[in-house]
Amino acid sequence: MNALLPDGGRIALWGWGREGKAAYACLRSGRPPFAAFLDAPLTLFCRPDEVADAAAMGDARLAIRSDAGGEQLAEFDAVIKSPGISPHGEAAAFGRARGTRFIGGTAMWFAARPDARTLCVTGTKGKSTTSALLAHLLRAAGRRTALAGNIGLPLLELLEADAEDWVIELSSYQTGDVADSGVRPLLALVTNIFPEHLDWHGSHQQYVDDKLALLRRARPRIAVLNAADNTLATVGRGLADARDREDTRVIWFNTDDGWHQRDGVIHRGDEAVLDTAALPLPGRHNRGNLCGVLAALEALGMDARGVAGHARSFVPLPNRLQRLGVRDGIEVVNDSISTTPHASLAALEVFSGKRIALLVGGHDRGLDWQPFVDAMHQQAPHCIVTMGANGPRIHAMLSPLAATDRFRLHAADDLADAVVLGRAALGREGVLLLSPGAPSFGAYRDYVARGRHFAELTGFDPDLISAIPGLGIA
């Protein structure tokens with residue numbers, strides 16, 4: 001194929017989720033540029049409970065193992081790993097030190113489609129909605145557009161598909177893959193940067209470095225950056241000032257002379273373009289990300305003003321400040337995608353002025369909750385219910401302030417208990433808001449499963465609230 005997967009090299013797959021299966025299918029497809037691997041020996045490292053499923057493929061040239069340690073990985077020239085597997089762990093570090101190259105399916109797709117018109121979107125929060133909104137407005141302008149990536153559709157599943165524009169959501173697990181592919185994306189839109197996924201990346205600085213690989217290493221031709229984010233402001237100035245960036249053009253949004261929101265209206269400089277009152281985009285952060293989308297469209301030479309109004313027909317994504325409906329006088333809101341304290345604060349801002357019972361807590365990956373606690377002096381809801389592995393830590397931090405009767409504070413055993421406590425605190429009026437500020441690991445497979453359970457617990461059909469609109473090509 002190229003330096004990513006050397007023909008005749010020893011190749012392994014690491015992970016047998018959807019991404020791993022997509023990578024395997026491409027290697028066995030016989031299609032360029034994977035033809036050399038149609039009958040080549042491969043090894044799959046997977047969990048013990050996945051062995052039977054992999055064996056059912058009936059591939060005599062596929063060795064299936066469940067011992068993915070450093071020495072085992074070091075046996076291979078290249079390992080195609082699933083996004084959820086950290087390259088910073090001991091096993092990967094051991095293999096890398098002995099010459100093993102670790103790549104992802106995203107790198108494979110970029111290397112196979114070097115001429116694709118790629119519009120990459122990343123950021124700590126807002127990247128899924130921003131990606132979907134960008135695809136929606138491109139389609140409204142009449143362009144055949146793909147929406148894929150971290151949002152729920154692996155790129156490799158669309159390897160042979162045709163589109164004019166490829167909107168690709170990238171997590172911090174995938175941004176380095178774009179750089180590894182050696183293919184420059186046309187555009188990179190970055191919404192914000194603040195601490196997340198510290199257990200995967202190992203440190204906040206490593207997270208920032210991995211996230212910004214899309215800008216610093218992948219060298220997009222156009223970088224569309226949020227001027228209101230301090231980290232991006234610094235990085236963007238460096239890109240704009242550099243003379244060895246091969247002409248990366250930096251475009252800012254959320255700045256007075258560009259696309260920004262002011263008094264509930266989207267502006268382009270001093271020109272009022274779109275009243276946000278009727279938009280299905282709750283919260284200033286979502287409307288700020290719309291400014292990023294409009295800046296990206298303008299940077300691509302399109303009539304951003306002309307298509308801005310189509311944002312009114314955008315269908316919001318599930319698990320993101322998703323209004324499920326009203327039960328017994330209580331509005332139920334599913335923000336299961338919220339995995340940082342910053343996201344929980346943003347959710348509270350959306351429903352400011354209403355009587356809120358906020359459900360927070362989940363997997364503890366060491367994020368600092370002190371800014372959230374400090375914000376409760378001014379932004380406290382009617383009630384906070386803590387839950388999950390980091391629930392006791394959050395509860396202890398909030399207890400001194402709750403003792404002043406600023407808000408009610410309850411500790412729940414699990415999500416089901418939290419729903420009961422939140423409803424009881426509200427009576428028959430208010431907003432029951434699931435915005436955990438923490439991942440779902442341990443209690444649930446992912447945030448989608450957590451959101452589905454929340455819907456069930458509150459009397460809604462999880463199947464009706466789970467589909468992601470707009471995936472694929474349209």
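Side chains of His377 and Leu401 form a contact here, defined as non-hydrogen atoms less than 4.5 Å apart. Here the side chains of His363 and Asn390 are not in contact, with every heavy-atom distance at 4.5 Å or above. When side chains are defined from C-beta on, Asn226 does not count as touching Val190, because their heavy atoms never get closer than 4.5 Å. Contact annotation: the side chain of Pro341 approaches that of Leu367 to within less than 4.5 Å [non-hydrogen atoms, C-beta and beyond]. Considering only heavy atoms from C-beta on, Leu133 stays 4.5 Å or farther from Asn286 through its side chain. Counting only heavy atoms from C-beta outward, the side chains of Lys125 and Ser338 never approach each other to under 4.5 Å. Between Arg320 and Tyr447 the shortest side-chain heavy-atom distance falls below 4.5 Å. Residues Asn334 and Pro318 form no side-chain contact, since every pair of their non-hydrogen atoms from C-beta on lies 4.5 Å or further apart.
Counting only distance, with no hydrogens or angles, the side chain of Gln261 and the backbone of Arg284 share a donor-acceptor pair below 3.5 Å. The backbone N or O of Gly152 lies less than 3.5 Å from a partner atom in the side chain of Arg18, making a donor-acceptor pair. Checking side-chain atoms of Gln379 against main-chain N and O of Leu345 turns up a donor-acceptor pair under 3.5 Å. Remark: the backbone N or O of Ala163 is not paired with any side-chain donor or acceptor of Arg144 at under 3.5 angstrom. Thr340 places a side-chain N or O within 3.5 Å of a backbone atom of Ala343 that can act as its donor or acceptor partner. Side chain of Lys211 to backbone of Gly123: a donor-acceptor contact under 3.5 angstrom is found. The backbone N or O of Ala375 sits nowhere less than 3.5 Å from a side-chain atom of Gln378 that would complete a donor-acceptor pair. Here the side chain of Thr404 pairs no donor or acceptor atom with the backbone of Pro400 at under 3.5 angstrom. Between the side chain of Glu298 and the backbone N or O of Ala295, no donor-acceptor pair lies under 3.5 Å. A donor-acceptor contact shorter than 3.5 Å is absent between the side chain of Ser181 and the backbone of Ala107.
Separation of atoms CG (Leu471) and CG (Leu158) is listed at 9.5 Å; rounding is to 0.5 Å. Here the NE2 atom belonging to His310 is positioned 14.0 Å from the CZ atom belonging to Arg139, to the nearest 0.5 angstrom. With rounding to the nearest 0.5 Å, the separation of CE in Met376 from CG in Leu398 is 7.5 Å. Atom CG in Leu186 sits 5.5 Å away from atom CG in Leu300 (nearest 0.5 Å). Rounded to the nearest 0.5 angstrom, Leu189 CG and Leu170 CG are separated by 11.5 Å. Atom CG in Leu274 sits 8.0 Å away from atom CG in Leu294 (nearest 0.5 Å).
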Going through the distances and angles, do Glu19 and Lys81 end up as a salt bridge (Lys or Arg N to Asp or Glu O under 4.0 Å)?
-> CA-CA 9 Å; Glu19 291 271 359; Lys81 70 168 196 64; over 6 Å; no
Criterion side chain to side chain contact (heavy atoms under 4.5 Å, CB included) on Ile394 and Val373, from CA distance to verdict | CA-CA 8 Å; Ile394 300 169; Val373 175; 5.8 Å; no
Can you list the steps and then say if Trp369 with Asp364 is a side chain to side chain contact (heavy atoms under 4.5 Å, CB included)?
-> CA-CA 11 Å; Trp369 277 79; Asp364 194 347; over 6 Å; no
Dump the intermediate steps for side chain to side chain donor-acceptor pair (under 3.5 Å) on His267 and Asp256, then the final yes or no.
-> CA-CA 8 Å; His267 284 70; Asp256 288 345; over 6 Å; no
So Asp209 and Arg216, salt bridge (Lys or Arg N to Asp or Glu O under 4.0 Å) or not? Walk me through it.
-> CA-CA 9 Å; Asp209 291 345; Arg216 290 171 170 161; 3.6 Å; yes
Please report the C-alpha distance between Ile168 and Phe110 in whole Å, then the side-chain angles of each, then the deciding distance to 0.1 Å, and finally whether the side chain to side chain contact (heavy atoms under 4.5 Å, CB included) criterion is met.
-> CA-CA 11 Å; Ile168 302 168; Phe110 269 82; 3.8 Å; yes
Going through the distances and angles, do Glu164 and Arg117 end up as a salt bridge (Lys or Arg N to Asp or Glu O under 4.0 Å)?
-> CA-CA 7 Å; Glu164 293 179 90; Arg117 183 178 157 98; over 6 Å; no
Side chain to side chain contact (heavy atoms under 4.5 Å, CB included) between Leu281 and Leu290, worked out = CA-CA 9 Å; Leu281 295 169; Leu290 172 60; 4.1 Å; yes
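Ala296 approaches Val224 most closely through the heavy-atom pair CA-CG2, 4.0 Å. Of all non-hydrogen atoms in Gly427 and Ile330, the two that sit nearest each other are O-CD1, 3.3 Å. Residues Leu348 and Pro381 come closest through the heavy atom pair CD2-CB, 3.9 Å. When all heavy atoms of Pro469 and Leu147 are compared, the closest pair comes out as O-CD2, 4.3 Å. Heavy-atom minimum distance, Gly126 versus Asn289: CA-ND2, 3.7 Å. When all heavy atoms of Ala161 and Ile473 are compared, the closest pair comes out as CB-CD1, 3.2 Å.
For the ring pair (Phe, Tyr, Trp, His ring centres under 6.0 Å) test, residues two or more places apart in sequence or in another chain that qualify with His136 are Phe314. Take Asp463 and apply the side-chain contact (heavy atoms from CB on, under 4.5 Å) test, not counting sequence neighbours, and it matches Arg452, Asp461. Looking at residues two or more places apart in sequence or on another chain, you find a side chain to side chain donor-acceptor pair (under 3.5 Å) between His260 and Arg262.
With 3.5 Å as the limit, one finds no donor-acceptor pair spanning the side chains of Asp229 and Asn192. Checking Thr124 against Tyr207 by side-chain atom types alone, a donor-acceptor pair falls below 3.5 Å. A donor-acceptor contact closer than 3.5 angstrom links the side chains of Glu169 and Ser128. Between Ser336 and Arg450, the side chains place a donor N or O and an acceptor N or O closer than 3.5 Å (distance only, hydrogens not considered).
The aromatic ring centroids of Phe407 and His382 lie 6.0 Å or more from each other.
Other residues, nucleotides and ligands place more than 12 heavy atoms under 6.0 Å from the CG atom of Asp303. When the shell of 6.0 Å around CG of Asp368 is examined, it contains more than 12 heavy atoms from other residues, nucleotides or ligands.
The only member of Leu433, Thr386, Leu415 that meets side chain to side chain contact (heavy atoms under 4.5 Å, CB included) when paired with Leu359 is Leu415.
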